[in-house]
Amino acid sequence: MKIRSIALAAAAVVMLTSLAAQTKPAAVKTLRIYIFENGFIRGLDTKLFNLAREEVKEPDFVNTSYLIVHPRGTLQFDSGGIPDSQFKGDGALVVEGVQSASKPLLPQLAAAGYQPSGITYFALSHYHSDHTGNANAFAAATWITQKAERDFMFAEKPEGIIQPATYNALKGAKTRILNDEDFDVFGDGTLRLISTPGHTPGHQVLLVRLAKRGPVLLAGDLYHYPEERAKGILPTFEFNGDQSRASRAKVEALLKQTGAELWIEHDMATHAKLPKSPAYVE
Ligand SMILES: [Zn+2]
């Protein structure tokens, strides 16, 4: 009996060890981006974006977030809109106002081989609630944020398209605060947060230098529709339109200089062409 229980214990240790090995993904040699689909935003009035319905090819949004894996760590960029806690695990569509989703985020992250507790860095493009849905899950990571964004998020009465309950845990997270500045995340130029205030006080975009595909710029909500970019039009609800114009000019110059592709986070056409996690772009 004793020998049997020792054997069982030994088997359990072997099993747990191999499980632990499985949960720690192998280091990568070059950068990769995993693209997560966090549902859709439908029925929006294009007039919110200063565009007539007929000026916009596709009025609905996809909701996207990304995991960037670097040889020395990981960065989760944005976190979807509907918190995973709202899903019942039956694959049913969850609807919250204009947002709907059938897939929670963390199982997609797990399918790529990652647990939120093992993520090195977390960054938001901005604090709007369609980007902060699962921010609390990443409170063990180092949060990289512009000071102006963080100040607004933790103001006494934050106003606007904002759901503090989804990100409150970030308040106690280890935090790297930026002062309207760009930031080279791993210090080797392959992953750079670019300060682009205007849509919100501390909006930021992410420039990723991929070895095979080349540079890619994850644009957050610098633009929502490609038509905003083509026509030079700002949404009606910018925090500071002058800053938005300056940030767009900065990013357009960066795109020209680097030859980077622009991925507009909510753009259906961009999203449709990209592989979704657990596939990745490298
Ligand atoms: Zn958005």
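Bear in mind the structure is a predicted one, so any value in this text is a computation, not a measurement. Both ligands and their constituent atoms are indexed starting at 1 by order of listing.
Residue L254 is tested with V205, L262, L217, D182 for a side-chain contact (heavy atoms from CB on, under 4.5 Å); the sole match is L217.
Protein atoms that are N, O or S and lie under 2.8 Å from the Zn ion (ligand 1) are these: D130 OD2, H131 NE2, D221 OD2, H266 NE2.
Classified by interplanar angle (parallel below 30°, tilted 30° to 60°, perpendicular above 60°), the ring pair H128/H126 is perpendicular.
In summary, the side chains of T200 and E149 do present a donor paired with an acceptor at a separation below 3.5 Å, with no hydrogens or angles considered. Side-chain N/O atoms of Q146 and Q204 include a donor and acceptor closer than 3.5 Å. H131 and H266 are linked by a side-chain donor-acceptor pair at a separation below 3.5 angstrom, with hydrogens and angles left out of the test.
Taking the ring centroids of F61 and F49, they lie under the 6.0 Å cut-off.
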